[in-house]
Colleague: 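Have a look at this one.
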Amino acid sequence: MKIVHVGWCREGNHDKVWGVILLSTGLLNRFGFYGNKYAIFWGRRGGKLQTKIFEGSEYDVENMFDKKLKKGYKKINPDELDRVYPEFREDLEKTAVWAILSA
C-alpha cells in the first residue's frame, strides 16, 4: 500500500482528511492507455473513512489533490500525520482492505 497524498482540513468545526492510495499500476484502459488504480478516501478525522475506486493517470490524481488544496486542505507528511491523527494508519489499513475487496 502506497499513500500518494493525504490532506487535512481543520477550519471551524471541520476536521477532515482526504487522500489517495495507489493500489496497482500499468492498467490498460478501454482507450488503449495505461493508467493506475487508486483508492480515494475521505472522512472526519477519527471517524469511518469512505472510499471510492478510481482508475486514471498520475496527472488526474495530482489535479484532484490541487483542487483539495485550493479548498483549504493542507498537505500532511507522514511525521505530521502521526501527530495529527495517531489512529490514521490503522483506519487506513481497514479502508484499503475494503477498497481492494470491493474493486
Side-chain angles (χ1 to χ4, degrees):
M1 175 176 72
K2 179 183 176 193
I3 300 171
V4 179
H5 288 296
V6 177
W8 177 43
C9 182
R10 185 169 187 189
E11 294 177 346
N13 58 355
H14 295 290
D15 193 356
K16 304 179 286 186
V17 294
W18 182 93
V20 181
I21 305 166
L22 177 64
L23 298 177
S24 59
T25 61
L27 302 175
L28 189 60
N29 69 16
R30 62 188 173 136
F31 302 110
F33 296 107
Y34 286 95
N36 302 322
K37 184 180 278 191
Y38 301 92
I40 299 169
F41 61 90
W42 67 93
R44 289 189 176 271
R45 187 170 65 113
K48 184 176 184 318
L49 297 174
Q50 299 198 28
T51 61
K52 180 179 181 179
I53 301 300
F54 172 76
E55 291 184 11
S57 67
E58 290 176 23
Y59 173 81
D60 296 330
V61 170
E62 293 301 320
N63 192 30
M64 280 190 282
F65 194 65
D66 286 343
K67 288 179 183 178
K68 289 296 181 183
L69 293 175
K70 290 176 183 171
K71 289 183 177 182
Y73 281 79
K74 175 183 160 190
K75 184 172 178 132
I76 299 292
N77 68 41
D79 295 332
E80 282 182 294
L81 184 60
D82 291 336
R83 181 180 53 78
V84 168
Y85 186 178
E87 313 84 23
F88 178 77
R89 297 212 184 263
E90 182 180 318
D91 291 349
L92 184 61
E93 286 175 8
K94 291 176 197 171
T95 299
V97 167
W98 286 111
I100 291 167
L101 292 175
S102 69

Colleague: For residues F54 and D60, report the shortest heavy-atom separation together with the two atoms involved.
Modeller: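 Here F54 and D60 meet closest at CZ-CB, 3.7 Å.
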Colleague: Does D15 form a side chain to side chain contact (heavy atoms under 4.5 Å, CB included) with W8? I'd like the steps, not just the answer.
Modeller: CA-CA 7 Å; D15 193 356; W8 177 43; 2.6 Å; yes
Colleague: Please step through side chain to side chain contact (heavy atoms under 4.5 Å, CB included) for the pair L22 and V61, ending with a clear verdict.
Modeller: CA-CA 10 Å; L22 177 64; V61 170; over 6 Å; no
Colleague: Going by heavy atoms in the side chains, are V4 and Y38 under 4.5 Å from each other?
Modeller: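 V4 reaches Y38 side chain to side chain.
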Colleague: Taking all non-hydrogen atoms of both residues, which atom of L69 and which atom of K75 are closest, and how far apart?
Modeller: CD2-N, 3.9 Å
Colleague: Quick one: list whatever passes side chain to side chain donor-acceptor pair (under 3.5 Å) with W18, sequence neighbours left out.
Modeller: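 Residues passing side chain to side chain donor-acceptor pair (under 3.5 Å) with W18: none at all.
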Colleague: Quick one: closest heavy-atom pair of C9 and G72, and the distance?
Modeller: SG-O, 4.1 Å
Colleague: So which atom in Y73 and which in V17 form the shortest heavy-atom distance, rounded to 0.1 Å?
Modeller: CE2-C, 4.1 Å
Colleague: Filter on side chain to side chain donor-acceptor pair (under 3.5 Å), then keep only pairs touching residues 62-71, sequence neighbours left out; what's left?
Modeller: H5-E62
Colleague: Measuring only between side-chain heavy atoms, which start at C-beta, is I53 closer than 4.5 Å to L23?
Modeller: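 Answer yes - side chains close enough.
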Colleague: Can you list everything that forms a salt bridge (Lys or Arg N to Asp or Glu O under 4.0 Å) with K74? Sequence neighbours excluded, please.
Modeller: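 Here the qualifying residues are E80.
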